[in-house]
Amino acid sequence: MSYTSISTSRPGPRFQAVETSEESDALMVELFGILAANGGESVLVGQDLARGVALSIAKWEDSAASVKAIIEMGTKGLMEVVSSGPFIAMDEFLPIWTAALNDN
């Protein structure tokens with residue numbers, strides 16, 4: 001079963017120590033390599049300036065692949081994941097919500 005995650009994160013110690021764009025580029029390659037090695041597909045990556053976090057949406061084969069990638073990114077000092085969980089598009093969420101309301 002496929003799984004879509006939405007995560008917020010901050011730079012890990014290795015990104016915080018970056019001094020050149022070349023170093024940053026190399027770490028980005030490593031980061032996206034972890035994503036790919038775990039079967040992840042990046043859907044959206046951006047910066048939430050109001051909360052001071054990066055935001056990413058990714059598709060995975062299952063939730064275990066997402067968790068494994070998060071652990072690898074953290075233990076390798078690339079990212080500090082603040083939160084991560086399932087992302088459900090509104091067209092998929094509304095029928096679930098309606099069914100839950102009707103079960104009451």
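- Both Leu27 and Phe32 are part of a single hydrophobic cluster, where members link through side-chain heavy atoms under 4.5 Å apart.
- Sorted by first and then second residue, the salt bridge (charged side-chain N to carboxylate O under 4.0 Å, His left out) pairs with a member in residues 70-80 read Lys68-Glu72; sequence neighbours excluded.
- Linking ILVMFWY residues whenever their side-chain heavy atoms come closer than 4.5 Å, directly or via other members, leaves Val45 and Val43 in distinct clusters.
- By the criterion of side-chain heavy atoms lying less than 4.5 angstrom apart, applied directly or through intervening Ile, Leu, Val, Met, Phe, Trp or Tyr residues, Leu49 is not grouped with Leu55; the two fall into different hydrophobic clusters.
- In this structure the side chain of Phe15 reaches within 4.5 angstrom of the side chain of Met28, judged on heavy atoms.
- The neighbour count for Glu61 CD, taken as heavy atoms of other residues, nucleotides or ligands under 6.0 Å away, does not exceed 12.
- Residue Ile96 holds its CD1 atom at 12.0 Å from CG of Leu101, rounded to the nearest 0.5 Å.
- Under the 4.5 Å side-chain heavy-atom criterion for grouping Ile, Leu, Val, Met, Phe, Trp and Tyr, Leu31 is connected to Val18 within one hydrophobic cluster.
- Note that the CD1 atom of Ile70 and the OG1 atom of Thr75 stand 12.0 Å from one another [nearest 0.5 Å].
- In this structure, Tyr3 is not a member of the same hydrophobic cluster as Ile88, with clusters built from ILVMFWY side-chain heavy atoms closer than 4.5 Å.
- Note that the CD1 atom of Ile34 and the CD1 atom of Ile71 stand 11.5 Å from one another [nearest 0.5 Å].
- A donor-acceptor contact shorter than 3.5 Å links the side chain of Asp62 to the backbone of Ala65.
- No side-chain heavy atom of Val81 sits under 4.5 Å from any side-chain heavy atom of Met73.
- Scanning all heavy atoms of the two residues, the minimum distance from Leu78 to Arg14 falls at CD2-NH1, 3.8 Å.
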Could you give the side-chain donor-acceptor pairs of residues 4-13 under 3.5 Å, partners two or more places apart or in another chain?
| unit_1 | atom_1 | unit_2 | atom_2 | d |
| --- | --- | --- | --- | --- |
| Ser5 | OG | Trp60 | NE1 | 2.9 |
| Ser7 | OG | Ser84 | OG | 2.7 |
| Thr8 | OG1 | Ser83 | N | 3.4 |
| Thr8 | OG1 | Ser83 | OG | 2.7 |
| Arg10 | NE | Gly52 | O | 3.4 |

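- In this structure a side-chain-to-backbone donor-acceptor pair under 3.5 Å is missing from Asn38 to Gly40.
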